[in-house]
Amino acid sequence: AGGVAGVCVDLILFPLDTVKTRLQSPQGFRKAGGFRGIYAGVPSTAIGSFPNAAAFFITYENVKSVLPHGSSSYLSPATHMVAASLGEVVACLIRVPSEVVKQRAQVSPSSSTLRILSHTLYHEGIQGLYRGYKSTVLREIPFSLVQFPLWESLKDLWSWKQGHVVDSWQSAVCGAFAGGFAAAVTTPLDVAKTRIMLAKAGSSNARGNVLAALGGIWRTQGLSGLFAGVVPRMAAISLGGFIFLGTYEKSRQLLL
């Protein structure tokens with residue numbers, strides 16, 4: 001169910017993700033490709049989406065099942081936070097290599113995904129594919145700490161109000177709101193992650209220091225630099241939350 005949801009959302013919203021990446025690129029939107037080659041890097045996403053989303057939900061649901069929840073409602077948000085955080089740590093093992101290749105293809109639309117993959121492996125080795133792992137986890141954990149407890153709480157509130165468990169479309173609406181809010185507050189971490197992944201080998205950003213990347217963006221571009229791409233990011237993740245969490249709930253209902 002998680003794999004199907006991941007493929008649906010990533011492929012449908014890929015153009016918005018490309019625009020966001022190019023807005024955050026240090027070379028600027030136009031030099032990074034503008035609106036040309038909007039699907040550059042899509043093979044990397046197509047391959048990585050299913051196992052990445054599946055790994056997240058396998059971890060999320062299993063951790064939720066072993067941690068205390070339900071009977072003590074005050075523990076539920078903490079349970080969802082821990083489960084989502086561990087889910088992200090596991091999923092990022094698959095997501096980061098896919099993301100590195102995808103983002104480099106998005107800002108170099110004339111290069112193929114395979115050429116970028118082979119170039120990265122030749123010049124940087126396997127560690128090149130995991131450049132930005134720490135910054136991605138540091139982005140995803142705060143995002144999940146906001147999104148998943150908010151999603152679960154909104155579903156519980158809606159279920160209580162109407163007297164029965166929410167439908168998949170209602171879960172999707174809750175997911176859209178939770179995703180959009182989480183996207184807005186974590187945009188600076190997303191910008192730092194993008195700069196680290198796109199940095200030239202040997203540069204200061206290539207070392208993967210998130211605080212140093214954030215400091216550099218603040219000094220050169222200020223608040224607008226830290227929130228570069230916030231509108232397409234919020235739009236993509238709100239729509240993504242609607243499609244991803246709605247599809248996940250529907251798939252689960254059909255499969256179970």
Checking side-chain contact (heavy atoms from CB on, under 4.5 Å) between [X] and each of [options], which is the one that passes?
{"X": "Q106", "options": "I38, L198, T21", "value": "T21"}
{"X": "F14", "options": "V9, V42, V19", "value": "V42"}
{"X": "Y133", "options": "I196, V100, L138, V89", "value": "V89"}

Is there a side-chain contact between [X] and [Y] (heavy atoms, below 4.5 Å)?
{"X": "F177", "Y": "S238", "value": "no"}
{"X": "F181", "Y": "V146", "value": "yes"}
{"X": "M197", "Y": "V96", "value": "yes"}
{"X": "E124", "Y": "H119", "value": "no"}
{"X": "Q253", "Y": "S168", "value": "yes"}
{"X": "V137", "Y": "E88", "value": "no"}
{"X": "H80", "Y": "W151", "value": "no"}
{"X": "L214", "Y": "P188", "value": "yes"}

For the residue pair T59 and A55, what are the closest heavy atoms and their distance?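 Shortest heavy-atom contact: OG1-O, 2.8 Å.
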Which distance, rounded to the nearest 0.5 Å, do you find between the [atom1] of [X] and the [atom2] of [Y]?
{"X": "C92", "Y": "Y130", "atom1": "SG", "atom2": "OH", "result": "10.0 Å"}
{"X": "T45", "Y": "Y39", "atom1": "OG1", "atom2": "OH", "result": "11.0 Å"}
{"X": "E140", "Y": "Q147", "atom1": "CD", "atom2": "CD", "result": "9.0 Å"}
{"X": "S49", "Y": "R95", "atom1": "OG", "atom2": "CZ", "result": "9.5 Å"}
{"X": "F227", "Y": "Q221", "atom1": "CZ", "atom2": "CD", "result": "13.5 Å"}
{"X": "S171", "Y": "F244", "atom1": "OG", "atom2": "CZ", "result": "11.0 Å"}

V173 vs F242, test: side chain to side chain contact (heavy atoms under 4.5 Å, CB included). Steps then yes/no. CA-CA 6 Å; V173 172; F242 184 88; 3.9 Å; yes
Sidechain N-carboxylate O distance under 4.0 Å for E99, R104: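 Salt bridge between E99 and R104, a charged N being under 4.0 Å from a carboxylate O: no.
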Tell me whether K64 is salt-bridged to E152, with the criterion being a basic N under 4.0 Å from an acidic carboxylate O.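 Salt bridge between K64 and E152, a charged N being under 4.0 Å from a carboxylate O: yes.
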[X] side-chain N/O to [Y] backbone N/O, donor-acceptor pair under 3.5 Å:
{"X": "T186", "Y": "R139", "result": "no"}
{"X": "S108", "Y": "S111", "result": "no"}
{"X": "S85", "Y": "I141", "result": "no"}

So if you build clusters from Ile, Leu, Val, Met, Phe, Trp, Tyr with side-chain heavy-atom gaps below 4.5 Å, do I116 and L129 land together?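 Yes, because I116 and L129 connect within a single hydrophobic cluster, where side-chain heavy atoms sit under 4.5 Å apart.
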Decide whether I12 and L245 are clustered together by the hydrophobic rule: side chain heavy atoms of Ile, Leu, Val, Met, Phe, Trp, Tyr closer than 4.5 Å, transitively.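 As far as the 4.5 Å side-chain criterion goes, L245 and I12 are connected within one cluster.
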Tell me whether the rings of F57 and F148 are parallel (<30°), tilted (30 to 60°) or perpendicular (>60°).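 Aromatic pair F57/F148 classed perpendicular.
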Tell me, with the steps shown, if Q170 and Q162 meet side-chain hydrogen bond (donor to acceptor under 3.5 Å, both in side chains). CA-CA 11 Å; Q170 293 169 324; Q162 66 185 10; 2.9 Å; yes
List the steps and the verdict of salt bridge (charged side-chain N to carboxylate O under 4.0 Å, His left out) for E61 and R252. CA-CA 12 Å; E61 296 292 355; R252 274 190 72 191; 3.3 Å; yes
Are Y60 and Y248 an aromatic pair, judged by ring center distance below 6.0 Å?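 Between Y60 and Y248, which both carry aromatic rings, the centre distance is not below 6.0 Å.
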May I ask you to check whether T194 and Q24 show a side-chain donor-acceptor distance below 3.5 Å?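 The criterion, which ignores hydrogens and geometry beyond distance, is satisfied for Q24 and T194.
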Passing option when D17 is tested against R233, K102, R22 for salt bridge (Lys or Arg N to Asp or Glu O under 4.0 Å):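 Result: among R233, K102, R22, K102 is the only option passing the salt bridge (Lys or Arg N to Asp or Glu O under 4.0 Å) with D17.
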